[in-house]
Amino acid sequence: MATTLKGRDVIAIGGLTKDEIELVLAQAARFEERCQEARELDLLPGRVLATLFYEPSTRTRLSFETAMHRLGGDVISVAEGARSSSVAKGETLADATRVVSSYADVIVQRHPAVGSAQEAASGATVPVINGGDGVGEHPTQALLDLYTIERERGTLNGLRIGLVGDLKHGRTVHSLSRALSHWKPVLTFVSPPALAMPAEISEELRKQEVTVNETDDLAAAMRQCDVLYVTRIQKERFADPAEYDRLKGSYILDRALVERTNPELTIMHPLPRVNEIAADVDSLAGAAYFRQAANGVWTRMAILALVLGEQL
Ligand code: NCD
């Protein structure tokens, strides 16, 4: 069993071994338990987190910030990344994180370009955590998704998991499907052909002996899954607004569909949702997406503590 992630960057989920992922999940469970008794722990006093967000975010930034506050640390941030930071003046990401490394002990960055987290890490002298690099990866979301699946289903092993929506542009599903490969799932990718999972990711998964099915039939997939992970059509990634309009209503999950196909289904979504899950789904026992968002805090507490060499 891995015992620390001290000094490590978290850029892509593939950068963590199964053991290291299990360490994060085990720590997250301890943080969740501890936070029921005490809202603030004194684990990282005097340590500073810098959040550098060059793309919109609510959950990721606020859950990292609240995680740091609950660990007894402090937070500095560039409020509107792109507009108010010196990167807007033409500074490279590597220079920006090099400078921020002298103010902060750990950095979380979100940026619209694939590879931007790696670029930031190349300049930084403190751990850099990828809070989303364009259509690339979102590894901390994958960790909180694993944590949620384990909590909701009691195991990660051998589950039948459907991923639906914009699998082409969705960084959450890129990271999550790779993360799940350690537990030998049966994955069913549901999307219109134009938004299919990139072939390189499907091939990578098949090489790891993951069963991968691809379909555009949501109801059929729901009948055969334990967990359905729903994603938003990623409007901001479309060059052609007409193409977005054509695809935006592709899949809409409502209560009647869940009750007709599989009332036992665990339903997840990284949020924000637009119209892909109707509000009447929210009160179903299997609707896990708001619990999933809450789990982001424990998981991010675990990640911050571990990369700073601490744990519970
Ligand atoms: C996701 C993201 O930013 O990739 N949101 C999140 O981090 N919870 C999903 C999305 O924006 O659709």
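Along the sequence shown, residues carry numbers from 1. One-based numbering, in listed order, for ligands and for the atoms of each. Bear in mind the structure is a predicted one, so any value in this text is a computation, not a measurement.
- A salt bridge links E259 and R255; the closest N-O separation between the charged side-chain nitrogens and carboxylate oxygens is under 4.0 Å.
- For F238 and H169, the ring centers sit closer than 6.0 Å to each other.
- Of the residues D282, T148, T266, the one that meets the side chain to side chain donor-acceptor pair (under 3.5 Å) test with Y289 is D282.
- The list of salt bridge (Lys or Arg N to Asp or Glu O under 4.0 Å) pairs with a residue in residues 293-312, not counting sequence neighbours, reads R47-E310.
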When you pair each N or O of ligand 1 with protein N or O atoms, which pairs come out under 3.5 Å?
residue	atom	partner	partner atom	Å
ligand 1	3 (O)	R110	NH1	3.4
ligand 1	3 (O)	R110	NH2	3.2
ligand 1	3 (O)	R171	NH2	2.9
ligand 1	4 (O)	R171	NE	2.7
ligand 1	4 (O)	R171	NH2	3.4
ligand 1	5 (N)	L271	O	3.1
ligand 1	7 (O)	T60	OG1	3.0
ligand 1	7 (O)	R110	NH2	3.1
ligand 1	7 (O)	H138	NE2	2.8
ligand 1	8 (N)	Q141	OE1	3.4
ligand 1	8 (N)	P270	O	3.0
ligand 1	8 (N)	L271	O	3.0
ligand 1	11 (O)	R232	NH2	2.9
ligand 1	12 (O)	R232	NE	2.8
ligand 1	12 (O)	R232	NH2	3.3
ligand 1	12 (O)	Q234	NE2	2.8

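- Enclosure of atom CZ in R59 by more than 12 non-hydrogen atoms of other residues, nucleotides or ligands within 6.0 angstrom is indicated.
- Side-chain N or O atoms of Q109 include one that pairs as donor or acceptor with a backbone N or O of S116 at under 3.5 Å.
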